[in-house]
There are 2 protein chains.
Amino acid sequence: MNQAVNPKPTITDVARAAGVSKGLVSFALNDRPGVSARSRDHILRVARELGYRPSVSARSLSTSTSYACGLVIARDPEIISADPFFPSFIAGVERVLVAEGRALVLSVVGGDEHEDAVYRTLAADKRVDGVFLTDLRRDDPRIPLLAELGLPAVTLGRTPGSPFPAVALDDTPGTAAATQHLIEQGHRRIAHVIGPLRMMHAQRRHAAFAATMAAAGLDAGLVEETDFTAAHGAAATARLLDLANPPTAIVYDNDPMAIAGLGVAHERGLRVPGDLSITGFDDSEIARYVYPALTSVRSDPQLWGEAAARSLLAAIADRDPVADVDLPPAHLVVRASTGPVSTGPSPSGPAPTGARA
Amino acid sequence: MNQAVNPKPTITDVARAAGVSKGLVSFALNDRPGVSARSRDHILRVARELGYRPSVSARSLSTSTSYACGLVIARDPEIISADPFFPSFIAGVERVLVAEGRALVLSVVGGDEHEDAVYRTLAADKRVDGVFLTDLRRDDPRIPLLAELGLPAVTLGRTPGSPFPAVALDDTPGTAAATQHLIEQGHRRIAHVIGPLRMMHAQRRHAAFAATMAAAGLDAGLVEETDFTAAHGAAATARLLDLANPPTAIVYDNDPMAIAGLGVAHERGLRVPGDLSITGFDDSEIARYVYPALTSVRSDPQLWGEAAARSLLAAIADRDPVADVDLPPAHLVVRASTGPVSTGPSPSGPAPTGARA
DNA sequence: CTGAAAGCGCTTACAG
DNA sequence: CTGAAAGCGCTTACAG
C-alpha cells in the first residue's frame, strides 16, 4: 500500500509499521489469547500489506519445530515403481500439508537395513516433526524406535502395541471378495501369490483368503510368497502351473505380479480366464488395458494420504491422544481376467499370441 | 567417554568442554582457515566424544540456508505411478543428498497450474536451497521464474536459454534404435505414439523417430500425441489400427502405453509381432514379463539422480558456473514384441486369449 | 491488554 | 591463531 514490498519484511518491520512490539505481532499472528480485537486486526492488516511471511528457520529455532513431516520408504526403487500406491498417497499427503504450510521430506532407502539410521538422523536434526509409517511389519522395529526418539507418527493400518494413532483402510474385504468371486465362478483350486509375509498387510490379506476358502470348505494351502516384483510373480506362477494338479485360479497381491502371471499363462498357451482366472491388487491404471482386462482390488491411496496427514498433524499439535480413523475398505473390480472354469479340453504347449482358434 | 551423552549437546557445550570459544568451534567444524591444527583436532575430538551434531535450524537461521533440495513433480499421480522414472531418480538423488547431510523436499502437484505458487513458496520460505527441474517443457516458464526468485536449479536435459547447469541423458538414440530395428525387420508403415509435445523429451524423441524414418526413405506421418496414460495409449492404438492402411509396427513413448497397445492388438486378434510389432520406453520391470516380452528402451534414472544431485549441490555451493554433464545415452533392449512382418493372412475379429491356432 | 528483554544455537566480522 | 560480541528472526515468560 504505502510501503513497497521490500525483500522479505521481518516481524520487526511489521511491529514498527503497526506501532507495536514484536511480541504482540507474534501473539496476533499465532492468534493466541491476550490481544485485543482491534490490535489483532490492525496488526494482521499491516502484515498483509507488507506481504509479511514469518521466517520458517527462525520459528524453527525458537520452537524446535521443523514444520515438516517425513516419509521414509524402505523398498527397492523398482518395486516402488510398480506400485501405484506411493505417488497417489503422497499426492494426498501433500494436499493437506501445503494447506498447513508444512513440507514433506522424503527419504527412500533401498532396503530396511539403513532405515534405522534415517529415522535417527531425521529426529536428531529435527528435520521433521513426525513421520508416516507405511508398509507395517510384524513387530515393526520402527514403533519402539520412534517411541524412543519421541518422534510423533501415524501408522497406516493398526498394529498391536503401537502408541501411535492409526489410519486404517481395510483391504481384506477386497481379497475376500476376489476369492469369493472365484469360488462362485466354480473354482476349487485357487492359489494365493502374496507379498512378503513379514509385512502385515500381506499377512492380513492371506488370512482373508484362507478364511474365505475355509468357509467354502476349500483348501487354502496353495501359497507362494514373493517380494512383490513381477519377476517373483512370474516365477511363482510357473511353479504353480507346474504342479501335478495346478490351480484354475490365482489371486495375486499386486497388479504387476498378476500381469506377469498373465504373461506366463499366455506363454504356455493357456486361455485366460478359460484355463486360468487371475486377479490383481491395487487396480493400477494399466490393469484395465491388459488383455484380458484385469480383475483387481481398488482402494483410495490419495484419501489415505489426506487422512494420514490430518492425523499426523493432530498428533504433532495435540496433547491428548488422536483417535484412530477408518477409511472405506478396498473393493473388488471385476473385469475380464476372471470367469468360470473352462469345460473344453485344456490346451498345452506355447501358443502364438492371440492367434485365432 | 567421560561425559554422558546429554540430550543434544550444543556448540556451547563443546566449547566449554574443549576450553575454547564457540566461534573457534564453529570455525573448526566448518573447517575454515585460521585454526591451528592442534586446536582443530582437539575440538573435533571433543565434539565427537560429546556426540555433537550442529542444529540444522540454528545454522539455517544464521546462514539463510535450508540444507535441503526440492523436487516438484507436476503430473497426475496416476501417471507418475505408471512411470518407473521418478522412484529410481529419487533414489539416486537421495543417495548423494544424505551423504551431504541434505534432505529432499518433495512436492507433487496435480498439473502445472499451481506449480508457480509451489516454487514461490519454497523460495520465500527458504525451504530449499535449490531445485531439480524435470519434465522440461518448451519455453519452460519455470526457467525465468527460478531465475527471478534467485533459486539455484539443475535441469534434466539441456534447454535453450537456461542459465542453469544441465545433466543430460540422451534418450534419442533409444528411439532411433527402436525405429531402425523395426525398419530392419522389414516394416515400412511405422507409427509413433508420443507423449505431450510441449514436453521437450517428447519432441526430441519424435524428431529422432522422424529422422530415422526419413533416412530410410519412409514416411513418418503416423503420429499420435498422448498424455502418457495407458488410456491414451489404448485409444491411439485403436485409431491407428482403424486406419484403412494401418501400421505394422508402433513405437510407443512409454511402457504403459505399449502394454495397453498390446492389449488392444490382442483384443483384435492380431498376432504380436506377426501382425503388429510394438516397442516401449523406459523398460519398466513388467516389460519383460508381459507376453510377448516387450522390446523397450532403457536408461539409468538412478544414475541421473545422482549426477543431478551432485550438480545441484555444486551450483548451490559454487560461485563459478557448473559444467553440464552428459550421461551414457539410452539404449534399445530387444525382446519378443518385435519381429518381421508376418507373411501369413491377417486374422480379423477378436480372438480368445492365447488360444492355439 | 501491552512492552521490553532474554533466549533458541549457530555464524561472522571485528579486535587483539 | 584466538576471544568476545553481535546478529539471524522468531517466541515466550515476566513485568506492568
Side-chain angles (χ1 to χ4, degrees), chain A residues 6-44 46-47 50-68 101-102 123-127 129 316-317, chain B residues 6-44 46-47 50-68 101-102 123-127 129 316-317:
Chain A
N6 294 346
K8 290 245 73 187
T10 71
I11 198 172
T12 306
D13 298 323
V14 176
R16 184 159 29 224
V20 297
S21 71
K22 298 192 311 180
L24 200 57
V25 173
S26 177
F27 270 58
L29 255 32
N30 298 310
D31 48 32
R32 296 172 45 141
V35 185
S36 71
R38 270 196 75 239
S39 289
R40 176 190 315 287
D41 292 350
H42 178 223
I43 292 168
L44 261 34
V46 170
L50 257 39
Y52 172 71
R53 290 181 65 88
S55 153
V56 175
S57 56
R59 299 187 74 193
S60 294
L61 180 57
S62 47
T63 62
S64 327
T65 297
S66 64
Y67 302 95
R102 258 75 173 180
D125 290 355
K126 289 206 193 315
R127 274 303 235 304
D129 303 322
I316 291 169
Chain B
N6 294 346
K8 290 245 72 186
T10 70
I11 198 172
T12 305
D13 298 323
V14 177
R16 185 161 27 225
V20 298
S21 71
K22 299 190 312 179
L24 201 57
V25 173
S26 176
F27 270 57
L29 255 31
N30 299 309
D31 49 29
R32 298 171 45 140
V35 185
S36 72
R38 271 195 73 241
S39 291
R40 175 190 318 285
D41 293 350
H42 178 224
I43 292 169
L44 261 35
V46 170
L50 257 37
Y52 172 70
R53 289 182 65 87
S55 153
V56 175
S57 55
R59 299 187 76 193
S60 293
L61 181 57
S62 49
T63 62
S64 332
T65 297
S66 63
Y67 302 96
R102 258 76 173 183
D125 291 356
K126 289 206 191 317
R127 280 293 328 218
D129 302 323
I316 290 169

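Residue numbers start from 1 in every chain, and the chains themselves are labelled A, B, ... in the order their sequence lines are given, proteins ahead of strands.
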Asker: Whole angstrom is fine here: how far is it from CZ in B/R59 over to C1' in C/dG9?
Answerer: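 Whole-Å distance recorded here is 11 Å.
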Asker: Tell me: NZ of B/K22 to C1' of D/dG7, nearest whole Å?
Answerer: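 That distance rounds to 11 Å.
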Asker: My validator wants the stems of DNA chain C: runs of 3 or more consecutive Watson-Crick or G-U pairs, both distances under 3.5 Å, written as range with range.
Answerer: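 So far as stems of 3 or more pairs are concerned, DNA chain C shows C:1-3 with D:14-16, C:5-12 with D:5-12, C:14-16 with D:1-3.
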Asker: Using a cut-off of 4.0 Å on non-hydrogen atoms, how would the nucleic acid contact of A/S39 be classed: base, sugar-phosphate, or nothing?
Answerer: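 Answer is sugar-phosphate: A/S39 comes under 4.0 Å of backbone atoms only.
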Asker: C/dC1 C1' sits how many Å from A/D41 CG, rounded?
Answerer: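 A/D41 atom CG is separated from C/dC1 atom C1' by 15 Å.
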Asker: Please classify the nucleic acid contact of B/S36 as base, sugar-phosphate, or nothing, using heavy-atom distances under 4.0 Å.
Answerer: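 Answer is sugar-phosphate: B/S36 comes under 4.0 Å of backbone atoms only.
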Asker: Base, sugar-phosphate, or nothing: which does B/L61 touch, judged by heavy atoms less than 4.0 Å apart?
Answerer: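 Touches a base.
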Asker: Look at all strands and tell whether B/R32 reaches a base, only sugar-phosphate, or nothing, counting heavy atoms closer than 4.0 Å.
Answerer: sugar-phosphate
Asker: Measure CG/B/L29 against P/C/dT11 and give the value in whole Å, please.
Answerer: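 For the pair B/L29 CG and C/dT11 P, the rounded distance is 7 Å.
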Asker: Nearest to the side chain of B/F27, which nucleotide is it out of C/dG3, C/dT12, D/dC10?
Answerer: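 Minimum distance to the B/F27 side chain belongs to C/dT12.
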Asker: Hey, does B/T10 reach any base, or is it just sugar-phosphate, or nothing, if we go heavy atoms under 4.0 Å?
Answerer: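 Sugar-phosphate contact only.
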Asker: Using the salt bridge (Lys or Arg N to Asp or Glu O under 4.0 Å) rule, pick out the option among B/R102, B/K8, B/R53 that qualifies with A/D125.
Answerer: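 Of B/R102, B/K8, B/R53, salt bridge (Lys or Arg N to Asp or Glu O under 4.0 Å) with A/D125 is met by B/R53 alone.
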